[in-house]
There are 2 protein chains.
Amino acid sequence: MSRSRQKSLTPRQQVVLAIFRQSSIPLTPQEAWEAAIRDSPGIGLATVYRAVRILTEAGELRPVEIADEIPRYEMASGPHHHHFYCRKCTRIYEVHKCPPRLDDLVPQGFKMDDHSIVLYGTCRSCLGDRATTD
Amino acid sequence: MSRSRQKSLTPRQQVVLAIFRQSSIPLTPQEAWEAAIRDSPGIGLATVYRAVRILTEAGELRPVEIADEIPRYEMASGPHHHHFYCRKCTRIYEVHKCPPRLDDLVPQGFKMDDHSIVLYGTCRSCLGDRATTD
DNA sequence: CTCATTGCAAAACGTTTGCACAAAA
DNA sequence: TTTTGTGCAAACGTTTTGCAATGAG
């Protein structure tokens, strides 16, 4: 199960990958397209979708699934991390820690190769915005 | 932020909720509709979608998001648990343990009210099916 | 009567595919 | 020439919405 790309990327795929590499947060295909247009006017939305799918299959990108949100993607390389989703401002924050003893969750005889954790709640700036409302 | 339903459920909403209550696995709206038709012939797919959305907002149902899969829903009540997704047979298993020290992941000043964990890998029966392939 | 519920069809939305054209080999 | 990459538009599957018909109060 190879994670590295086997073939060189097409020009458009390189553009799309660069967008994700430059972004500090996960992007929807639509958001990536809007960013890509600035670098490469004329690039088509379908091309971005194709690139995202291919880059994901190649292990370059990883999907980030948040409840009731459009799927987003981020670089699969770089430090392993999870996400905090603020229900109020809908922003996504990276969480750079992992809980211990995750292997204990895996049922007998199963083999885990990956895991994803999403924390839901309210971020600090949204908590600060509130006066006394509760 | 009340989680309990404030108004009584409509007949169709009760039907849909019963489907999820009887199911041992998360269901897509489509799957819930196919099950609901057996109990209540003539129920419309849109009605099931409406019920799922309302029941989710009312805290009766909870979305289960798996990478690259259609969103499923399950009862929000009952024992807290997570999910193991087998990439081979695409089945979803419940995981009835929680990792310790999850609060340590929450960034300073943030407030977490929920979390979701999905483990990815291969289930026991799929591992058993394989002979020596690796 | 008025209001809430629901089925149906159409619309809307995100995503994929078919295809023709252009560029590269 | 053949092959590859791409934009565009159409198709597709999922979800939401408009609206008329029904039934309850």
Side-chain angles (χ1 to χ4, degrees), chain A residues 5-20 23 25-58 60-74 76 85 90 92, chain B residues 5-20 23 25-58 60-74 76 85 90 92:
Chain A
R5 69 179 101 109
Q6 332 227 318
K7 311 175 62 172
S8 61
L9 299 177
T10 68
R12 290 312 202 197
Q13 288 166 8
Q14 291 176 35
V15 167
V16 171
L17 185 56
I19 294 298
F20 283 97
S23 174
I25 55 171
L27 302 174
T28 64
Q30 172 90 2
E31 290 166 345
W33 177 57
E34 288 161 9
I37 281 178
R38 290 194 283 273
D39 294 14
S40 305
I43 186 172
L45 178 57
T47 302
V48 173
Y49 270 101
R50 271 188 283 244
V52 167
R53 185 167 47 73
I54 288 167
L55 291 169
T56 302
E57 288 167 359
E60 299 280 344
L61 295 180
R62 173 209 313 263
V64 178
E65 312 266 352
I66 305 280
D68 295 325
E69 291 279 313
I70 294 168
R72 292 160 191 276
Y73 297 83
E74 66 181 4
Y85 176 75
T90 74
I92 298 167
Chain B
R5 71 179 100 109
Q6 333 228 317
K7 311 175 61 172
S8 61
L9 300 177
T10 69
R12 290 314 203 196
Q13 287 167 8
Q14 291 177 36
V15 167
V16 171
L17 185 56
I19 295 298
F20 283 97
S23 173
I25 56 172
L27 302 173
T28 64
Q30 174 86 235
E31 290 166 345
W33 177 56
E34 288 161 7
I37 281 177
R38 289 195 283 275
D39 295 15
S40 305
I43 187 172
L45 178 57
T47 302
V48 173
Y49 270 100
R50 271 188 282 243
V52 166
R53 185 167 47 75
I54 288 167
L55 291 169
T56 302
E57 288 167 359
E60 299 280 345
L61 296 181
R62 173 208 316 259
V64 177
E65 312 267 351
I66 304 282
D68 295 326
E69 292 277 312
I70 293 170
R72 293 162 190 275
Y73 297 83
E74 66 181 5
Y85 177 74
T90 74
I92 298 166

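As the structure is a prediction and not an experimental result, all values here were calculated from the model.
- The distance between atom CZ of B:R12 and atom C1' of C:dC8, rounded to the nearest whole Å, is 13 Å.
- Judged as a side-chain hydrogen bond (donor to acceptor under 3.5 Å, both in side chains), and not counting sequence neighbours, A:Y73 has no contacts.
- The closest side-chain heavy-atom distance from A:I25 to A:I92 is not below 4.5 Å.
- Between the side chain of A:E69 and the backbone N or O of A:I66, no donor-acceptor pair lies under 3.5 Å.
- By the side-chain hydrogen bond (donor to acceptor under 3.5 Å, both in side chains) test, B:E34 is found to be paired with no residue, residues two or more places apart in sequence or in another chain being considered.
- Taking atom CG on A:L9 and atom P on C:dA24, their separation rounds to 18 Å, with Å as the unit.
- Regarding A:I70, its CD1 atom lies at a distance of 17 Å from the P atom of D:dT14, rounded to whole Å.
- Atom CD of B:E31 is separated from atom C1' of D:dT14 by 13 Å (rounded to the nearest Å).
- Rounded to whole angstrom, the span from the CZ atom of A:R50 across to the C1' atom of D:dA9 amounts to 12 Å.
- Note that OG1 of B:T47 and CD of B:Q13 are 9.5 Å apart. Values are rounded to the nearest 0.5 Å.
- Per the geometry, OH belonging to A:Y49 stands 3 Å off P belonging to C:dT15, to the nearest Å.
- Between the CD atom of B:E34 and the C1' atom of D:dT14 there is a distance of 13 Å, given to the nearest Å.
- For the pair B:T10 and C:dA4, the criterion of a side-chain N or O lying under 4.0 Å from OP1 or OP2 is not met.
- Nucleotide C:dT15 holds its C1' atom 14 Å from the CD atom of A:E57, rounded to whole Å.
- The closest side-chain heavy-atom distance from B:F20 to B:E60 is not below 4.5 Å.
- The stretch residues 35-48 of chain B touches DNA chain C through B:G42, B:I43, B:G44, B:A46, B:T47, each having a heavy atom under 4.0 angstrom from the strand.
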